[in-house]
Amino acid sequence: MFGRIAGFYDLLNHVLSLGLDIVWRQRMLDFLPPVENARVLDLAAGTMDVSRGVLKRLPNARIAATDICPPMLRQGLGKLDSLERTRIFPVAADGLALPFPDNTFHAATIAFGIRNINPRPPALAELARVLAPSGRLLVLEFGTASRPLFKGLYNVYLCRVLPLVGGLVSGDKKAYEYLAKTIQAFPPERTLALEMRRAGFAKVLHQPLTRGVVQLHVGVKP
Ligand SMILES: C[S@@+](CC[C@H](N)C(=O)[O-])C[C@H]1O[C@@H](n2cnc3c(N)ncnc32)[C@H](O)[C@@H]1O
């Protein structure tokens, strides 16, 4: 499905979130550990906006932009300049079976991706496995919104506006109906925090962004 919409993905992200997706990713990147020559895993990297953001914050980092969908990675590769191409490496792989040795990365990011990987607990266990001790996991994912009125509006937006606009621009209404369904089916932030702890992460915290439309989760491998 992501392969079908890869060419429209960035534009629709920015339009449908009214540009807020850029702010949300920046907020996640604020939590990157300040490590020189860091090795960073960007899982579900898609078109690599997070990978590029990591490199801006940590110019000496090497980033494994990992995604199961090669068309999304190809779209991302097309955006990289020559310097970024020496630091960001596309890896086509499943988050449930990462092709990296244990204790490899200083940080791992996953933005709007954990929702798509099923089942979640083994994916979180894989992230814990490939992070080095003290390595930090940053997860950005849609939430359910907090206040009743705002939640109602958000649901109308998800179920009506998103498939309509997404369908018109990409020609693939089904993909945007799927997006709404996966957002609504995703568990509350406390459940994900619990799953992160069960996968072995410590110092787990979560922070609502834009009144809980998005949740940022942080955990550290002991
Ligand atoms: C909504 S996009 C997010 C892309 C990017 N992180 C961003 O912030 O825009 C979700 C991505 O998850 C990827 N994905 C889905 N299932 C996956 C899996 N099992 N392993 C790795 N990536 C997966 C999809 O191919 C897609 O590129």
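Any value given below was found using the heavy atoms of this structure, including those in side chains, with hydrogens, waters and symmetry copies removed. Remember, it's 1-based here, ligands and their atoms both numbered in the order they're listed. One is the number of the first residue; the rest follow in order along the sequence.
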Which one of L96, I68, V91, L43 has a non-hydrogen atom at the shortest distance from atom 16 (N) of ligand 1?
I68
Any A6 heavy atom less than 4.0 Å from ligand 1
no
Within ligand 1, which atoms have a heavy atom of G95 less than 4.0 Å away?
18 (C), 19 (N), 20 (N), 21 (C)
Any chance the side chains of N13 and Y9 put a donor and an acceptor closer than 3.5 Å?
yes
Considering only heavy atoms, which of D67, D10, D49 lies nearest to atom 27 (O) of ligand 1?
D67
At a 4.0 Å cut-off, with the gap strictly under it, does some heavy atom of R25 reach an atom of ligand 1?
yes
Atoms of ligand 1 less than 4.0 Å from A111 heavy atoms?
3 (C), 5 (C), 6 (N), 7 (C), 8 (O)
When rounded to the nearest 0.5 angstrom, what is the spacing between CG in D172 and CG in L12?
10.5 Å
Under a 4.0 angstrom heavy-atom cut-off, which atoms of ligand 1 come close to F112?
1 (C), 2 (S), 3 (C), 8 (O), 10 (C)
Proximity flag T47 to ligand 1, non-hydrogen atoms under 4.0 Å:
no
Show me which atoms of ligand 1 lie under 4.0 Å from any heavy atom of A93.
20 (N), 21 (C)
Non-neighbouring partners of F2 that pass ring-ring contact (aromatic ring centres under 6.0 Å, His included), sequence neighbours left out:
none
Pairs meeting criterion salt bridge (charged side-chain N to carboxylate O under 4.0 Å, His left out) with involvement of residues 86-102, two or more places apart:
D102-R129
Which ligand 1 atoms are under 4.0 Å away from a heavy-atom of D94?
18 (C), 19 (N), 20 (N)
If two hydrophobic side chains count as joined below 4.5 Å and joins carry through other members, does M28 share a cluster with V218?
yes
Taking H106 for the side chain and R39 for the main chain, is one N or O donor matched with an acceptor at less than 3.5 Å?
yes
Please list, in number order, the atoms of ligand 1 under 4.0 Å from a heavy atom of N13.
9 (O)
Side-chain H-bond candidate by donor/acceptor type, Q215 with R190, under 3.5 Å:
no
